[in-house]
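Data block below; observations after.
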Amino acid sequence: RLIGWPAAAAAAAFIAISPAMTFYSRYYIHEMLLVVFSAAAYLAWSQAAQTTRRAWPAALAGVCTGLMFCTKETWVIAIVCGMASFVICRWRRGELSPADIREAVASKAFLVASFAFAVTAVVLFTSFFSNPVGIVDALATYARYLSRASGEAHRHPAHFYLRPLLYFKNSPGPYWSEGFITAFSLAGVVGIYRCRLPDGVKPGHARFLAVYTGLMLLVYSGIPYKTPWCMLGFFHGITLLAGIGVACAFEWCGRGTSERPHPGKLRILHLPLLLLLAAGM
């Protein structure tokens with residue numbers, strides 16, 4: 001409902017064929033859970049913002065955010081980038097003021113979400129109340145995280161993530177690339193900011209997704225400590241933008257005139273686009 005069914009279906013297909021998403025789904029690694037909980041938190045917060053009279057969306061948003069907190073220290077990056085993206089998108093459209101922020105923080109929904117967040121964190125960090133000191137450890141860990149972020153054994157340059165995104169091969173056999181997905185994500189960004197979006201893609205959510213993904217990429221690239229699996233956080237956003245890019249491409253190919261084409265009607269230019277997608281998959 002946020003990016004439309006065509007974009008969502010394309011994004012789901014991209015996630016299914018992505019070498020990174022497939023490879024790191026084979027075993028237990030924190031980033032996969034963090035991606036799931038981050039996506040769930042965004043959906044829950046979006047629902048909570050639309051239905052302020054009901055408490056359950058806010059409670060669900062708090063639980064999902066608490067699960068992010070309990071997964072890995074890098075949840076802070078996702079939360080900060082998410083809040084910054086929200087402020088940037090709303091501020092640019094003149095839809096955000098200090099009074100709006102104060103009202104949101106004092107709202108019942110925010111209080112419910114905060115309580116659900118705290119309960120989730122306490123229950124899990126204390127191992128269901130069997131290890132009270134776990135709460136202290138949960139906060140003390142950030143001192144260790146800040147020291148690791150400086151690099152240590154995994155210090156890499158800012159362009160480190162470009163290699164797995166575009167071309168990766170370190171042994172005999174096929175090469176791996178996320179270039180196909182990345183190319184369509186760039187088309188999605190162009191569609192969001194320069195073109196008329198297809199039906200079903202909500203402009204506000206699409207702009208948030210573009211800014212959030214860009215900020216995540218910049219932050220992770222700027223941190224000296226880098227590991228390949230850390231890319232999953234911003235790459236999930238890239239796959240969603242790629243889905244929007246596919247929907248935009250079908251929209252562009254379907255325009256025989258300046259008018260919006262009839263939904264679901266295939267035109268001659270759709271055939272090479274479908275062949276391109278089939279080849280890339």
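When reading the values below, keep in mind they use all heavy atoms of this one structure, side chains included, and skip hydrogens, waters and symmetry mates. On a predicted model such as this, the values are computed, not experimentally measured, just so you know.
Taking the side chain as every heavy atom from C-beta outward, Y220 and L232 never approach each other to under 4.5 Å. Within the 4.5 Å cutoff, no side-chain heavy atoms of F184 are placed close to those of L241. You'll find the side chain of T227 reaches within 4.5 Å of the side chain of C230, heavy atoms only. Annotation: side chain of F129 is in contact with side chain of V122 (closest heavy-atom distance under 4.5 Å).
Other cluster members for L162: none, since no ILVMFWY side-chain heavy atom sits under 4.5 Å from it.
Here the CD1-CZ distance, from I88 to R207, works out to 13.0 Å after rounding to the nearest 0.5 Å. Separation of atoms SG (C81) and CE (M216) is listed at 5.5 Å; rounding is to 0.5 Å. Rounded to the nearest 0.5 angstrom, L139 CG and E73 CD are separated by 11.5 Å. The line from OG of S85 to CZ of F208 is 5.0 Å long, rounded to the nearest 0.5 Å. Taken from OG in S185 to CD in E178, the straight-line distance is 10.5 Å, to the nearest 0.5 Å. To the nearest 0.5 Å, atoms CZ (F235) and CZ (F14) are separated by 9.5 Å.
Checked by atom type and distance alone, the side chain of T22 never pairs as donor or acceptor with a backbone atom of P19 at under 3.5 Å. Within the 3.5 Å criterion, the main-chain N or O of M21 finds a donor-acceptor partner in the side chain of S18. Distance alone, capped at 3.5 Å, is enough to place a donor-acceptor pair between the T239 side chain and the H236 backbone. A donor-acceptor pair is defined here as one N or O able to donate and one able to accept, closer than 3.5 Å; such a pair exists between the side chain of S177 and the backbone of L166. Under a 3.5 Å cut-off, the side chain of K226 and the backbone N or O of S221 do form a donor-acceptor pair.
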Ring pair (Phe, Tyr, Trp, His ring centres under 6.0 Å) evaluation trace for F234 with Y212: CA-CA 8 Å; F234 62 81; Y212 171 77; over 10 Å; no
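Crowding of F128 atom CZ: a count of heavy atoms from other residues, nucleotides or ligands under 6.0 Å not exceeding 12.
The nearest pair of heavy atoms linking I135 to A121 is CD1-O, 4.0 Å. Listed here is the closest heavy atom pair of L2 and S46: CD1-OG, 4.3 Å.
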Atom pairs and distances, donor-acceptor, side-chain atoms in residues 55-67, under 3.5 Å, two or more places apart:
{"residue": "T65", "atom": "OG1", "partner": "W45", "partner atom": "NE1", "Å": "3.0"}
{"residue": "T65", "atom": "OG1", "partner": "A61", "partner atom": "O", "Å": "2.8"}

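Taking the ring axis of F160 as reference, the NZ or CZ atom of R163 does not stay both within 45° of it and closer than 6.0 Å to the ring centre.
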